[in-house]
**Q** 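Take a look at the following structure, please.
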Amino acid sequence: MLRPVLMLLLACLAASSAWAQPAPEDGYRLWLRYDRIDADEVLAEYRAVLSGVHVAGSSPTVDAIRRELSIGLGGLLGADVPEGTGLLVGTPDDSPGVDTLLTDADRTAIGHEGFVIRATDRGIVIAARTHIGLLYGAFRFLSLLQTRHALSGLDVVESPRVDLRLLDHWDNLDRTVERGYAGFSLWDWHRLPDYRPERYRDYARANASIGINGSVLTNVNANAVSLTRAYLVKAAALADEFRPYGIRVYLTARFSAPMEIGGLGTADPLDPDVRAWWREKVDEIHGLIPDFGGFLVKANSEGQPGPQDYGRSHADGANMLAEALAPFDGVVMWRAFVYSHEVPDDRAKQAYTEFTPLDGAFLENVFVQVKNGPIDFQPREPFHPLFGAMPGTPLMMEFQVTKEYLGLATHFVYLAPLFEEVLDSDTGAEGPGSTVARVVDGSLDDLPRSGMAGVSNVGTDRNWCGSVFACANWYAFGRIAWDHGLSSEAIAGEWLRRTFTNDDAFVDPVVGMMMASWPAAVDYMTPLGLHHIMARNHHYGPGPWVDGGRPDWTSVYYHRADSGGVGFDRTVSGSDAVSQYAPPVAARFGDLETVPEGLLLWFHRVPWDHTMASGRTLWDELALRYQRGVDEVRQMRKTWEGLATFVDETRFRETETFLRIQEREAAWWRDACLLYFQTFSGRPLPEGVEAPEGTLEEFMNRRDRYVPGIRDQG
Ligand code: BDP
């Protein structure tokens with residue numbers, strides 16, 4: 001008898017919005033979701049203040065602002081907002097109201113790209129000196145509404161802390177993406193320049209909404225064909241789509257292009273014909289893309305051609321291109337990611353050795369672009385010793401947003417804490433407080449240019465990044481490039497509120513998951529400073545046994561395990577990489593007593609029975625860290641499973657499934673690495689570490705084929 005009543009009750013509950021799961025979403029809208037605000041009081045306040053909107057001025061960017069505000073306000077407030085007073089958006093030139101509002105201090109503070117959002121007695125004003133500043137202000141304002149900020153007393157004054165905030169796309173002309181795990185390249189080269197799907201504009205909107213102002217369209221392992229006229233015309237079409245959103249287009253320059261597509265017999269940077277060829281090429285590009293940003297160059301690295309092929313220096317090569325770009329306000333981003341297996345020195349040292357003597361030799365519009373750490377985007381690295389070591393050269397930060405070494409698209413790994421750790425690191429170069437962030441933003445040495453690049457994780461997948469949570473990394477990169485003072489935790493909360501819901505019962509635990517996720521991945525992949533022990537080529541999964549071929553592409557080169565211990569001795573008695581850091585940092589990293597435990601095996605070779613801070617032996621500690629990483633993923637799964645009612649079915653299931661994959665793969669890393677290292681330590685697994693699910697031989701024989709992100713595997 002009770003049954004039908006109960007059923008009815010359940011059905012009613014399910015139908016009421018309080019209980020039902022949100023409607024399905026595919027993730028396409030990213031954080032630009034403008035659904036009607038569900039909190040009545042907040043909605044009433046917003047509606048009362050924002051009774052009308054006026055955007056002053058006219059330009060394609062102003063059109064973009066009008067469009068965004070129309071869909072944004074219309075969506076959030078649940079009704080179109082008519083032309084009128086309530087929200088005024090304008091520059092001093094376009095609007096007398098704004099001219100009187102902006103103080104001299106405001107004008108200085110906001111510079112070219114910044115903005116003011118201020119509550120006045122006649123409503124809200126978004127003011128900037130340029131239309132692009134207004135666009136950033138409009139996006140910021142919408143984000144404040146999305147996160148339910150009160151409007152009264154609003155007074156936001158912002159401007160970006162670095163000038164160039166770029167996404168580097170490692171996209172090939174055949175639409176494969178090197179280290180891309182989100183489908184194919186967004187750039188549909190074959191159908192460009194004519195066919196321009198809406199997605200190009202949505203890409204630009206998403207970027208502008210977080211302050212990104214440039215896109216390097218092509219892979220650093222460059223194809224000279226991208227510089228032929230046929231492809232430049234296509235790039236120009238993309239530039240046209242992006243321009244209203246303040247995004248400049250950049251290209252990678254293959255150093256041998258003058259030979260490959262120019263018919264010259266050399267690419268020697270001091271050869272007059274080569275120099276003339278590049279000048280003409282830049283003129284041609286400029287004719288098609290008037291605001292062309294410049295070139296990103298990978299030269300004399302991993303087999304790429306470069307000036308050293310002709311006995312010239314990196315500065316000779318970079319300056320040749322810089323000279324051609326200077327008249328058009330273009331820049332060269334010359335990568336410091338150089339190393340050669342023919343050089344017998346520790347790979348971690350080579351960039352510093354090659355580049356520091358060139359400090360001061362680069363033209364004014366050259367950046368040296370430096371990866372965050374000295375090896376290669378490993379799960380955890382110390383900051384790159386070049387930061388702080390080239391005071392006369394703007395150093396552009398290169399982070400990897402795509403998770404080549406952090407579980408591809410499936411692992412839930414929020415990268416902002418990694419970015420934050422690197423930027424907050426004190427280089428000690430000019431006394432305490434000489435942080436990497438201050439090197440990068442130019443303030444440490446008063447350099448006029450600054451920039452940050454993130455290797456993009458977007459592709460043709462409907463959700464853009466291969467997983468919903470991977471989009472948090474795109475978001476966080478943009479926010480941190482805009483303001484490196486923001487905390488990774490605050491960014492996580494902001495992203496969650498915009499991407500899912502403002503409900504604290506969801507946001508708080510998921511911020512916790514996000515903050516725990518990077519340390520967890522470091523634990524289950526490369527704890528205690530281990531690095532570069534992944535599978536060969538595709539880098540998917542563990543491969544501590546990788547040996548043979550180029551030594552600096554093997555794992556054994558980096559971990560150096562044997563029965564005596566494990567780790568790379570980079571102290572003065574080893575490779576002495578530690579001395580590339582400023583003395584106080586070198587002293588800290590170089591001393592077994594003071595090196596942060598998380599970097600122990602990066603800098604030191606340590607016996608298996610070494611006593612750790614916990615009192616345990618190194619072996620036991622290592623094993624327990626691997627276990628801790630797996631346990632943390634399990635905890636994340638559990639937390640997520642309790643949150644089903646807050647998330648739509650599609651995004652909930654995706655994350656749930658990916659966490660399951662991650663747990664399995666975390667255990668795979670733990671088991672494979674511990675079984676392998678155990679062959680050297682000869683010790684049993686300590687209590688608390690689960691028995692491996694497989695034998696070392698099985699793990700070593702596993703062969704994954706056609707892993708995404710790399711070509712030519714069978
Ligand atoms: C490594 C990638 C490789 C890139 C290289 C680079 O494995 O695909 O080409 O970096 O940054 O991390 O040039």
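Numbering of ligands and ligand atoms starts at 1, following listing order. This is a predicted model, so every value here is computed, not measured.
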**Q** Hey, which atoms in ligand 1 end up nearer than 4.0 Å to a heavy atom of Phe337?
**A**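 It comes down to these atoms of ligand 1: 5 (C), 6 (C), 10 (O), 11 (O), 13 (O).
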**Q** Provide the full list of salt bridge (Lys or Arg N to Asp or Glu O under 4.0 Å) pairs with a residue in residues 455-478, sequence neighbours left out, each pair given once.
**A**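 Listed by first then second residue: Asp26-Arg462.
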**Q** When you measure from the heavy atoms of Glu302 to every atom of ligand 1, does any distance fall below 4.0 Å?
**A**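 Yes, that is the case, since the closest heavy atom of the residue is under 4.0 Å from the ligand.
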**Q** Which residue and atom name correspond to the protein heavy atom nearest atom 13 (O) of ligand 1, and how close is it?
**A**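 Checked against all protein heavy atoms, atom 13 (O) of ligand 1 sits closest to Lys298 NZ, 2.6 Å.
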**Q** Quick one: sort the Trp278 and Phe255 rings into parallel, tilted or perpendicular, breaks at 30° and 60°.
**A**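 The rings of Trp278 and Phe255 sit tilted, inter-plane angle from 30° to 60°.
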**Q** Considering heavy atoms of the protein only, find what lies nearest to atom 3 (C) of ligand 1 and give residue, atom and distance to 0.1 Å.
**A**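 In this structure, atom 3 (C) of ligand 1 has Glu178 OE2, 3.3 Å as its nearest protein heavy atom.
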**Q** Given Asp168, Val338, Asp376, identify the one with the heavy atom nearest to atom 1 (C) of ligand 1.
**A**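 When every heavy atom of Asp168, Val338, Asp376 is considered, Asp376 comes closest to atom 1 (C) of ligand 1.
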**Q** Quick one: which ligand 1 atoms are inside 4.0 Å of a heavy atom on Trp170?
**A**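 Taking each heavy atom of Trp170 in turn, ligand 1 has 4 (C), 6 (C), 10 (O), 11 (O) under 4.0 Å.
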**Q** What distance do Asp345 atom CG and Tyr339 atom OH have between them, rounded to the nearest 0.5 Å?
**A**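 So the CG of Asp345 and the OH of Tyr339 are separated by 14.5 Å.
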**Q** Using a 4.0 Å cutoff against the non-hydrogen atoms of His539, which atoms of ligand 1 qualify?
**A**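 The list of qualifying atoms is 7 (O).
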**Q** What part of Tyr405 sits under 4.0 Å from ligand 1 if we count only heavy atoms: the side chain, the backbone, both or neither?
**A**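 The side chain, only.
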**Q** Passes ring pair (Phe, Tyr, Trp, His ring centres under 6.0 Å), His169 versus Tyr203? Steps please.
**A** CA-CA 13 Å; His169 291 267; Tyr203 164 85; 5.5 Å; yes
**Q** Evaluate the criterion ring pair (Phe, Tyr, Trp, His ring centres under 6.0 Å) for residue pair His559 and Tyr676; output intermediate values, then yes/no.
**A** CA-CA 12 Å; His559 65 64; Tyr676 172 76; 5.4 Å; yes
**Q** Show which atoms of ligand 1 fall inside a sub-4.0 Å distance from at least one heavy-atom site of Asn221.
**A**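 So the answer, numbered in order with elements, is 9 (O).
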**Q** When you measure from atom 10 (O) of ligand 1 to each heavy atom in Lys371, Arg335, Glu404, which option holds the nearest one?
**A**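 Going through Lys371, Arg335, Glu404 one by one, Lys371 has the nearest heavy atom to atom 10 (O) of ligand 1.
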